[in-house]
Amino acid sequence: MLNVTRSADLWQRATSVLAGGVDSPVRAGKPVGGPIMVREASGAYVVDADGRRLLDYLMAYGPLLLGHAHPALTRGLDAVAARGTLHGCTHEGEVWLAERLRGHMPSLERVRFANSGTEAVMSAIRVARGFTGREAVLRFAGNYHGHFDQALLDAGASAGAAGAGPSGIPTGVARDTIVVRYNDLDAVDAVLHLHGKRLAAIVLEPVVANMGLVHPLPGFLAGLRERASRAGALLIFDEVITGLRLGLGGAQGRYGVAPDLTALGKVLGGGYPLAAFGGRAEVMRVLAPEGTVFQGGTLSGNPFCVEMAHRLLDVLEGDAELLPRVRALAERLAQGLRQMLDAFDLRYPVVHDESIVDFMFRAADRPHRDYGEAKQANAAAYAAFYREMLAEGVLLAPSQNEVMFLSAAHAEEDVQLTLRAARLALARMRERGEV
Ligand SMILES: Cc1ncc(COP(=O)(O)O)c(C=O)c1O
């Protein structure tokens, strides 16, 4: 018998037919030494191609707030499909979904649906250019907005961790993309001083979940709001991760700062491909057919994914305790990790927000605030931790840029399992002198 596992065999096949073996670079697991091949998933667990059940904190990088294969999103799909999965015309579900979203996020005066977060942010930026008649965009290092040209330079998530560089991005695009340090209003002021008149938009994750978890410092979001308005540029919040996950009103609801445009994705579709962008009616009016900025898509707003978003909203609106329950569980995980790191005398700040938990292998008195600080984290130690956790049956994200996502399917015993696994992992790493 050949001494290869089903996962290894499948990876071999994958690399000979899929580019790099994957459809998204992060999945190759380069920073941690290899990929996970998944056979199926349910609740808080995935089963790999060798039949190993793994407690999942990757949660598909964020969409699965309800966990894998939640009945609300898998029940009666035949009946949904039987009404037609694609109409190529506007339908009632789309209209109602936009109304529901606006009910939670009043800044979404007009909405347009798309299929991925990438499309949503890319389109919002084009709208901003069309509205302002300007071309430059100000972004923040370590934020991730998808894989379109303007989003990639000095971006977080796998764009920063998978070994990719600026290849394929036109120099003209790079010239019009100004990237500064997150949480640094002085850096923003310096850019506004030099480029304010050609700035179409300031775009950011209001809470960043792509360089670990980073919160805006007090006054940062309001400061950007005020500066964007003063410069005649639009403020775009990329709430692809935070929208619905930090509460139905997203980060903007929590911080009380209304952007001109917002991008949504991930949780919105509950695991089905759905995204949206929207904002001030006056701004969205530049989109064709009312205006001259073109944006559209064959699959956009399709009734199947729109129905899934309604079902997701039904669950979230129908159970006001769901988000607080996941928050409390995540808080227990964060607190348990804090105590454990303390016991190992490791000063790694643990950051928690709603269903997101994060720590980096970076000793400090406070959590990191920007990408420069995030990059100080010890990548080799994280890779060792990832592998030890995997050996204990816990699947983490394959890079420190990513965070731990909990879901409604995670339970107290999962948190306990995770803490036991982390204790063993750190103990073994300590023995080997890795931490
Ligand atoms: C904040 C943020 N914006 C945009 C995107 C891009 O979304 P998608 O991968 O659906 O294109 C991501 C993906 O991770 C993201 O985290």
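Predicted model, so just to flag it, every value in this text is computed and none were measured. Hydrogens, waters and symmetry mates play no part in the numbers below; they use all other heavy atoms, side chains included. First listed ligand is number 1; within each ligand, the first listed atom is number 1.
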Inset, instruction - Hey, could you give me the CG/CE distance between Leu395 and Met59, rounded to the nearest 0.5 Å? - result: 9.0 Å

Inset, instruction - Could you pull out all residues at least two apart from Ser116 that satisfy side chain to side chain contact (heavy atoms under 4.5 Å, CB included)? - result: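 Once residues adjacent in sequence are excluded, the partners of Ser116 under the side chain to side chain contact (heavy atoms under 4.5 Å, CB included) criterion are Thr118, Glu119.
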
Legend entry - Qualifying residues under side chain to side chain contact (heavy atoms under 4.5 Å, CB included), relative to Arg53, sequence neighbours excluded: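 Scan of Arg53 (side chain to side chain contact (heavy atoms under 4.5 Å, CB included), adjacent residues dropped) gives Tyr45, Val47.
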
Inset, instruction - Give a yes/no verdict on a cation-pi contact between Arg13 and Trp11, requiring under 6.0 Å between NZ or CZ and the six-membered ring centre and an angle within 45° of the axis. - result: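 No.
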
Distance-only criterion, 3.5 Å: show the donor-acceptor pairs between side-chain atoms of residues 60-76 and protein atoms not counting sequence neighbours.
{"unit_1": "His68", "atom_1": "NE2", "unit_2": "Asp56", "atom_2": "OD2", "d": "2.7"}
{"unit_1": "His70", "atom_1": "ND1", "unit_2": "Ala72", "atom_2": "N", "d": "2.9"}
{"unit_1": "Thr74", "atom_1": "OG1", "unit_2": "His70", "atom_2": "O", "d": "3.3"}

Inset, instruction - Collect the protein residues that have a non-hydrogen atom under 4.0 Å from ligand 1 and hand them over in chain and number order. - result: Ser116, Gly117, Thr118, Tyr144, His145, Gly146, Glu205, Asn210, Asp238, Val240, Ile241, Lys266

Inset, instruction - State whether the number of non-hydrogen atoms from other residues, nucleotides or ligands found under 6.0 Å of Glu226 atom CD is greater than 12. - result: yes

